[in-house]
Amino acid sequence: MSATKFVTGRYTVIALTCVAVAVMAPAPYVGSRMSELAASDTGLAAHYATQPQWVITVLYIHMVTAGVALGIGPLQFSTYIRSRWLRGHRVVGRVYVLAVLPAGVSGLIVSAFSAAGLAGLFGFGTLALLWLTFTARGTLWAFRGDIARHQAWMIRGFAMTYAAVTLRAWQMVLMGVIEASGGSGDVFARAYAPVPFLCWIPNLIVAEYLISRRGLPGLRYVVPRPTAAAVASPVSQTSGSVIT
């Protein structure tokens with residue numbers, strides 16, 4: 001199999017899983033009250049049905065906007081669109097960013113009410129902050145005309161978007177492992193506990209690998225050379241800085 005076919009195949013898998021989760025994940029919640037879904041034991045509905053109505057509203061905003069970002073996100077990385085329809089790439093990019101903004105903010109709010117408790121607060125909360133930060137940095141570099149840095153930061157940002165897919169993959173794997181090992185109790189809750197971190201940390205590692213492989217600017221820690229004044233002064237200190 002050629003490298004081109006491998007890359008194309010991998011892109012197709014990512015695109016299909018994105019669309020599948022973007023459509024199927026919020027589908028059970030459309031047209032039904034949270035209390036009704038809780039009664040039928042749908043996903044995390046039983047947990048969120050006990051939360052204030054405004055939290056449920058924010059959760060719905062998160063599901064819809066995150067679904068939009070996830071569904072159209074792969075189009076940003078289509079070489080065909082970028083090379084033959086640059087205007088289309090920019091339009092999709094703007095829609096994606098406009099979807100990530102409310103999705104990230106709502107995700108940050110909902111993390112405080114996560115069924116995973118403190119793990120959800122810190123895991124999903126960090127995910128939301130990184131999602132917003134990476135997307136903002138990628139957008140900023142696009143406006144500045146630095147395409148290499150734009151691409152690097154958008155890859156990191158999409159890695160956070162794709163957490164919606166890896167979250168569900170980890171959930172199924174962990175539930176299978178717990179059941180296979182004869183685990184008792186609430187299998188779903190036990191499997192869900194580490195997911196707030198597992199859903200995005202591996203994604204970020206893979207993103208940095210892809211960024212490095214493509215020769216795009218990575219994260220580097222640089223210790224600045226001391227100036228003549230700093231060398232002359234015994235109390236002067238230098239500190240490292242992160243540049244991108």
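Sequential numbering from 1 along the given sequence is applied to the chain's residues.
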Hey, does the side chain of [X] reach the backbone of [Y] with a donor-acceptor pair shorter than 3.5 angstrom?
X      : Y      : value
Thr166 : Cys199 : yes
His62  : Ala103 : yes
Thr135 : Leu132 : no
Ser114 : Ser111 : no

For the aromatic rings, using the six-membered ring if either is Trp, is the centroid distance between Phe158 and Phe77 under 6.0 Å? yes
Are Phe197 and Trp170 near enough that their ring centres are under 6.0 Å apart? no
Donor-acceptor side-chain pairing of Trp131 and Thr161 below 3.5 angstrom: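 Judged by distance alone, the side chains do pair up.
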Any luck finding a side-chain donor-acceptor pair between Ser106 and Tyr60 under 3.5 Å? no
Less than 4.5 Å apart, any side-chain heavy atom of [X] and any of [Y]?
X      : Y      : answer
Thr65  : Leu101 : no
Gln151 : Trp141 : no
Leu174 : Tyr192 : no
Leu204 : Phe134 : yes
Met34  : Leu59  : yes

If hydrophobic clusters are built by linking Ile, Leu, Val, Met, Phe, Trp and Tyr wherever their side-chain heavy atoms come under 4.5 Å apart, do [X] and [Y] end up in the same one?
X      : Y      : result
Tyr162 : Met154 : yes
Val97  : Val64  : no
Met24  : Phe188 : no
Leu130 : Trp153 : yes
Phe143 : Val92  : no

Can you list the residues that meet the side chain to side chain donor-acceptor pair (under 3.5 Å) rule with Glu208, with sequence neighbours excluded? Arg156
In Å and rounded to the nearest 0.5 Å, what is the CD1 to NE2 distance from Ile155 to His150?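 Answer for the CD1-NE2 pair, Ile155 versus His150, is 9.5 Å.
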Search all heavy atoms of Ala119 against all heavy atoms of Pro196 and return the closest pair with its distance. O-CB, 3.3 Å
Can you name the closest pair of heavy atoms from Ala191 and Ile178 and give their distance? N-CD1, 3.7 Å
